[in-house]
2 protein chains.
Amino acid sequence: MTGQRRAILRVMETATKHLDAAQLLRKAQKLDASVDRSTVYRTLKLLKRQGLIDELDLMHIHGEGHYYERKLNRDHIHMACLRCGKIMEFVSDIFEKLKGQVEKDCRFRIVVSRLEIGGYCSACSK
Amino acid sequence: MTGQRRAILRVMETATKHLDAAQLLRKAQKLDASVDRSTVYRTLKLLKRQGLIDELDLMHIHGEGHYYERKLNRDHIHMACLRCGKIMEFVSDIFEKLKGQVEKDCRFRIVVSRLEIGGYCSACSK
DNA sequence: TTACGTGCAAAAAATTTGCAGTTTC
DNA sequence: GAAACTGCAAATTTTTTGCACGTAA
């Protein structure tokens with residue numbers, strides 16, 4: 001556990017929205033100016049492998065990069081408005097049921113799952 | 001409608017598995033040697049916007065690129081085995097129900113949705 | 001004809017790697 | 001002290017863009 005990793009983890013823990021690698025780098029450098037881009041990528045890969053964070057695309061509304069958020073107890077769906085760009089989250093029992101069905105019907109042991117939906121939010125579909 | 005686009009479309013239509021941009025380029029060039037990488041990307045963007053193809057990550061099992069498949073009537077889930085790399089598809093009524101719930105409960109008009117699951121297939125979890 | 005599509009080459013964006021030196025435990 | 005981690009710079013990988021030319025309708 002190094003100072004650089006501590007800074008990156010701190011940023012992930014306190015983030016209020018989904019961050020991409022570049023944003024994460026900038027924020028981590030405010031806590032420890034020595035943090036390098038490659039350390040960010042290396043740490044993200046590590047956290048991903050440990051299952052501590054989730055990687056998102058958010059429907060690539062901005063660019064081709066990835067976004068990250070820490071994994072919480074409860075999985076959630078991400079919805080991205082194709083017009084205003086707003087990202088919404090939604091927890092659903094039906095989603096849990098669906099995953100249960102996949103595990104059972106396909107005999108597939110789920111490690112990670114990602115449901116992203118693109119469309120128009122209530123404000124934008126008026 | 002140009003010869004290049006025809007070649008790209010033909011490849012998409014006859015593909016038996018998910019192709020990334022580089023594979024699509026190679027296959028399209030076998031039909032029309034003049035097809036350029038940028039035309040592939042431009043055509044993919046077009047087809048994506050028209051809702052004729054879906055873009056997938058397949059959990060980034062190989063590299064950071066995207067995969068493409070033509071959109072069929074019925075949406076399906078993609079499962080990627082983290083050990084053997086096999087990609088499986090699964091159609092589920094519960095998935096349809098989940099999307100209905102999102103549209104209703106969140107007043108969100110769904111245009112495109114993508115559910116990807118990473119884990120271990122039946123053969124690999126033995 | 002004329003708007004749209006194309007190849008080419010170069011740039012941009014996103015991520016990874018080799019390496020020599022540092023830090024953690 | 002050994003193993004793991006780091007910054008740096010350069011390389012890869014993936015996608016996009018500008019531009020002059022070509023082609024479908």
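Chain letters run A, B, ... following the sequence lines, proteins first and then strands; every chain starts at 1. Atoms considered below: every heavy atom in the structure, side chains included; atoms not considered: hydrogens, waters and symmetry mates.
- Side chain of Arg42(A), nearest nucleotide from dC5(D), dG18(C), dT16(D): dG18(C).
- Atom CG of Asp36(A) and atom C1' of dC8(D) are 7 Å apart (whole Å).
- In this structure, the CD atom of Gln4(A) is 17 Å from the P atom of dA4(D), given to the nearest Å.
- Close placement of the His76(A) and His78(A) rings is indicated, their centers lying within 6.0 Å of each other.
- In this structure, Lys48(A) atom NZ and dA14(C) atom P are separated by 15 Å, rounded to whole Å.
- In this structure, Arg5(A) reaches the sugar-phosphate backbone alone: every heavy-atom distance under 4.0 Å involves primed, P, OP1 or OP2 atoms, never a base.
- Within 6.0 Å of CZ in Arg37(B) there are 12 or fewer heavy atoms belonging to other residues, nucleotides or ligands.
- The distance from the OG1 atom of Thr43(B) to the CE atom of Met12(B) is 11.0 Å, given to the nearest 0.5 Å.
- When rounded to the nearest whole Å, the span between CZ of Arg26(B) and P of dT13(D) equals 13 Å.
- Here CG of Leu19(B) is found 10.5 Å from CG of Leu56(B). Values are rounded to the nearest 0.5 Å.
- Annotation: cation-pi geometry not satisfied between Lys97(B) and Phe95(B) (NZ/CZ under 6.0 angstrom from ring centroid, within 45° of ring axis).
- Here the P atom of nucleotide dT13(D) and the OH atom of Tyr41(A) are 16 Å apart, to the nearest Å.
- Applying the 4.0 Å criterion to OP1 and OP2 of dT6(C), one finds that Thr2(B) has a side-chain N or O inside that range.
- Between His62(B) atom NE2 and dT16(C) atom C1' the separation is 17 Å, expressed in whole Å.
- Mapping Val35(A) and Met1(B) onto DNA chain D via the closest heavy atom, the residue that lands nearer the 5' end is Val35(A).
- Donor-acceptor pairing under 3.5 Å, judged by distance alone, is present between the side chain of Ser38(B) and the base of dC8(C).
- Atom P of nucleotide dT14(D) and atom NE2 of His66(B) are separated by 11 Å, given to the nearest angstrom.
- Ala21(B) comes within 4.0 angstrom of the backbone, heavy atoms only, and of no base.
- Between Leu25(A) atom CG and dT16(C) atom C1' there is a gap of 15 Å when expressed in whole angstrom units.
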